[in-house]
Amino acid sequence: MEALEKRICRDGKILPGNIVKVDSFLNHQIDTAFLGEIADEFARQFDISKVTKILTAEASGIALAAVCSFKYGIPMVFAKKAKSDNIEGGLYQSDVMSYTYKRKVTLICSKEWITSEDRVLIIDDFMAKGEAMRGLLGIVDQAGAELVGIGVAIEKGFQHGGDSLRESGYPLKSLAIIDSADEHGFTFRKND
């Protein structure tokens, strides 16, 4: 998505350790109109008529998934990183290593909100090594739900999480794939 690549170049920052910071528009301060454009692009990439649930991970994926949910008229569920007292009944759980937090986290989702009847579209704002995505895929699998697709706004291609998922046969569409991020700026992979 050319508009997303331009936005990354204009507003993104590269921090030590190849950390790509896009929090001025995507995952801290939120440009909801721009997220609407991203949601429109995902609707072109996937057959939304087949989707019954949108799934994302707490916390930074919630804004984008919520905009998609609103635009498509489909319920959204997010996997929490901590169990709270208001979650009743059984849980799906998936342990993942968080690239951002450099520690293991457990993604949890109530069995009440995703079932074997669901056809799930996973939406996330960002992917590095793909660990959080594997956790979300684990939840879909535990539920016995059907995966319709995986939509990621920005993928760090040089960390190969997306490549690994594609090689495993998952229907992943990333709208901007960063091949390199350094003192010279960003370079992007040609996206099919």
Checklist line | Audit row: F46, V51, side-chain contact (heavy atoms from CB on, under 4.5 Å) steps and yes/no | finding: CA-CA 9 Å; F46 300 103; V51 178; 5.7 Å; no
Checklist line | Side-chain (Y92) to main-chain (I114) donor-acceptor, under 3.5 angstrom | finding: yes
Notebook entry, point to check: Can you tell me how far the CD1 atom of I108 sits from the CG atom of D95, to the nearest 0.5 Å?
Noted result: 11.0 Å
Note to self: Using a 3.5 Å distance criterion without hydrogens, assess whether the side chain of K81 forms a donor-acceptor pair with backbone atoms of E58.
What the structure shows: yes
Notebook entry, point to check: With no hydrogens and no angle check, is any side-chain donor or acceptor of D118 less than 3.5 Å from a backbone partner on V120?
Noted result: no
Checklist line | Shortest non-hydrogen contact between T52 and P75, atoms and distance | finding: O-CD, 3.5 Å
Check: When clusters are formed by joining ILVMFWY residues with side-chain heavy atoms under 4.5 Å apart, either directly or through shared neighbours, do L175 and V148 land in the same one?
Finding: yes
Note to self: Taking side-chain contact (heavy atoms from CB on, under 4.5 Å) as the definition, give me every residue that meets it alongside I14, ordered by chain and number, with sequence neighbours left out.
What the structure shows: A181, F186
Margin query: With a 4.5 Å cut-off on side-chain heavy-atom distances among I, L, V, M, F, W and Y, is there a chain of contacts connecting V152 to V20?
Written below: no
Next item on the list: Flag the pair C9 / F188 as yes when at least one side-chain heavy-atom distance between them is below 4.5 Å, and no otherwise.
Entry: yes
Notebook entry, point to check: Quick one: side-chain hydrogen bond (donor to acceptor under 3.5 Å, both in side chains) pairs with a partner in residues 60-71, sequence neighbours left out?
Noted result: D40-K71, S60-D125
Item checked: For the student: nearest non-hydrogen atoms of A57 and L107, plus distance -> CB-CD2, 4.4 Å
Next item on the list: Give the minimum heavy-atom separation between S94 and I139, together with the two atoms involved.
Entry: CB-CG1, 4.3 Å
Notebook entry, point to check: Looking only at atom types and distance, does a side-chain atom of R166 sit under 3.5 Å from a main-chain N or O of G162, one as donor and one as acceptor?
Noted result: yes
Checklist line | Among L55, I62, I123, side chain to side chain contact (heavy atoms under 4.5 Å, CB included) partner for M76 | finding: I62
Notebook entry, point to check: Going by atom types alone, do S174 and R189 pair a side-chain donor with an acceptor below 3.5 Å?
Noted result: no
Item checked: Heavy-atom closest contact (V67 atom, A39 atom, distance) -> CG1-CB, 4.2 Å
Checklist line | Separation between CG of L172 and CD of E167, rounded to the nearest 0.5 Å | finding: 11.5 Å
Notebook entry, point to check: M1, I177: one ILVMFWY side-chain cluster at the under-4.5 Å cut-off?
Noted result: no
Notebook entry, point to check: So how far is it from I19 CD1 to K13 NZ, rounded to the nearest 0.5 Å?
Noted result: 14.5 Å
Margin query: As a quick check of understanding, evaluate side-chain contact (heavy atoms from CB on, under 4.5 Å) for M133 and V96, giving each step before the final call.
Written below: CA-CA 9 Å; M133 195 59 65; V96 299; over 6 Å; no
Next item on the list: May I have the step-by-step check of side-chain contact (heavy atoms from CB on, under 4.5 Å) for F25 and I30, ending in yes or no?
Entry: CA-CA 5 Å; F25 67 93; I30 308 294; over 6 Å; no
Checklist line | Between CZ on residue R134 and CE on residue M127, distance to nearest 0.5 Å | finding: 9.0 Å
Next item on the list: Consider only side-chain heavy atoms of I, L, V, M, F, W and Y, link residues closer than 4.5 Å, and tell whether L147 and L165 are in one cluster.
Entry: yes
Next item on the list: Determine whether F34 and L4 make a side-chain contact, defined as any pair of heavy atoms from C-beta on separated by less than 4.5 Å.
Entry: yes
Margin query: Closer than 3.5 angstrom, by distance alone: can the side chain of T115 be matched with the main-chain N or O of E117 as a donor-acceptor pair?
Written below: yes
Notebook entry, point to check: Can you find a pair of side-chain heavy atoms, one from I8 and one from I154, that are under 4.5 Å apart?
Noted result: yes
Note to self: Test of understanding: clusters of I, L, V, M, F, W, Y form through side-chain heavy atoms closer than 4.5 Å, transitively. Do F42 and V22 belong to the same one?
What the structure shows: yes
Next item on the list: Decide yes or no on side-chain contact (heavy atoms from CB on, under 4.5 Å) for F78 and K80, but give the supporting numbers first.
Entry: CA-CA 6 Å; F78 67 90; K80 295 185 175 198; 3.6 Å; yes
Notebook entry, point to check: Can you tell me how far CG of L136 sits from CD1 of I150, rounded to the nearest 0.5 angstrom?
Noted result: 8.5 Å
Check: How many angstroms lie between CG in N27 and CZ in F126, if you round to the nearest 0.5 Å?
Finding: 7.5 Å
Item checked: Step-by-step salt bridge (charged side-chain N to carboxylate O under 4.0 Å, His left out) determination, E37 to R7 -> CA-CA 12 Å; E37 292 177 38; R7 190 72 183 262; over 6 Å; no
Margin query: Can you give me the closest heavy-atom contact between A128 and Q159, atom names plus distance?
Written below: CB-OE1, 3.0 Å
